[in-house]
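Computation of the quantities below employed the complete heavy-atom set of this structure, encompassing side-chain atoms and omitting hydrogens, waters and symmetry-equivalent molecules. Counting starts at 1 for both ligands and their atoms, following the listed order.
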Amino acid sequence: MSESTVEAALMVPSPSQSRPPVILTQDELKKIAAYKAVEFVESGMVLGLGTGSTAKHAVDRIGELLRQGKLENIIGIPTSKMTHEQAVSLGIPLSDLDSHPIIDLAIDGADEVDPYLNLVKGRGGSLLREKMVEGACKKFVVIVDESKLVKHLGGSGLAMPVEIVPFCWKFTAQRLQLLFEDAGCVAKLRTYSENGEPFVTDNKNYIIDLYFKKDVGDLRAASDAILRLAGVVEHGMFLDMATTVIIAGELGVTMKNKALHAITPAQREGNACADLQGCLGTDVLGLTPLMFRADTNLIEFILLEAYYCPSR
Ligand SMILES: O=C[C@H](O)[C@H](O)[C@H](O)COP(=O)(O)O
């Protein structure tokens, strides 16, 4: 996909314009979400640079805008050795959390996104550095194509990764599996397909991939239980961390903001209504019904939130 195609896709068409339907590949959708996220970047920011095939597009775009002089004085904090190398090749100035403990904005992909903007990350093995960097940022923008949306974490049937120390990894894997026996959990050591050797993270650890047959239920409880196991370094559930999720799909790009999606029914019935209205206004302005046609999911989402707000 050429740069001009992405830029054209990011323009909001006027009602009178009719475009022929365009079939985009998954990688093109990732690129559209990434470019949209980079619109949040301003000169002078300290940026968390994510890892993976989606985040790669965002890092490329930041490099391009720096080269064109459209962005200046950016400092990048990479979340993996791979992203570090990519950023160096693009001439993006880099630092680390020791020197820059507060990050203005991080942009990264995700493996799963639930309706409350909780995430699974780490199928590329970078979850620990990602969680450290993204836990230190003021704003965390997640970029995905719509295939990443799930009803509940683990719902894709694919891996929920846990980074562990290599020492007695079988013991730790068994304990992880036992924790989620009721959810039909199967724990597998991640290996390289070429030689069957254990996959080793940037931090010289192993990854145990957890596969669930059923919903694990209380994610906070699941997170605490995993982190209590000696031998576990970190897990790939990113709970309540994303501030914005940008989803590129066949119907266009949708932005979901944490302020709306993290609100519980109890909060809705209480004095959160004014805030909700404020957020809704912001969100409506921030939403971009671009590319092809109206996003019906988006309309449902706005109506649902408005329903809870008596003054609307
Ligand atoms: O460890 C990898 C990261 O968490 C990635 O952000 C995640 O796996 C999504 O990667 P991709 O954009 O390639 O689907």
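Atom 11 (P) of ligand 1 has as its closest protein heavy atom S53 OG, 3.3 Å. Looking only at heavy atoms of the protein, atom 14 (O) of ligand 1 is closest to K148 NZ, 2.7 Å. Protein heavy atom at the shortest distance from atom 2 (C) of ligand 1 is G124 N, 3.2 Å. The protein heavy-atom contact nearest to atom 5 (C) of ligand 1 is T51 O, 3.1 Å. Protein heavy atom in closest approach to atom 12 (O) of ligand 1: T54 OG1, 2.6 Å. The protein heavy atom nearest to atom 9 (C) of ligand 1 is D111 OD1, 3.4 Å.
Within ligand 1, the atoms closer than 4.0 Å to a non-hydrogen atom of G109 are 6 (O), numbered from 1 in the order shown. For ligand 1 and G52, the ligand atoms under 4.0 Å from any heavy atom of the residue are 13 (O). The R123 neighbourhood of ligand 1 comprises atoms 1 (O), 8 (O), with distances under 4.0 Å to a heavy atom of that residue.
Sparse packing is recorded around CG of D182, with 12 or fewer heavy atoms of other residues, nucleotides or ligands lying under 6.0 Å away.
Taking the six-membered ring for Trp, F199 and Y206 have ring centres at least 6.0 Å apart.
Contact annotation: for P161 versus ligand 1, there are no heavy atoms closer than 4.0 Å.
Closest heavy-atom approach to atom 3 (C) of ligand 1 within the set E130, Q26, R129: this belongs to E130.
Residue-to-ligand polar distances keep L127 apart from ligand 1: every N/O pair is separated by 3.5 Å or more. Backbone and side-chain nitrogen or oxygen atoms of G122 are examined, and one is located within less than 3.5 angstrom of a nitrogen or oxygen of ligand 1.
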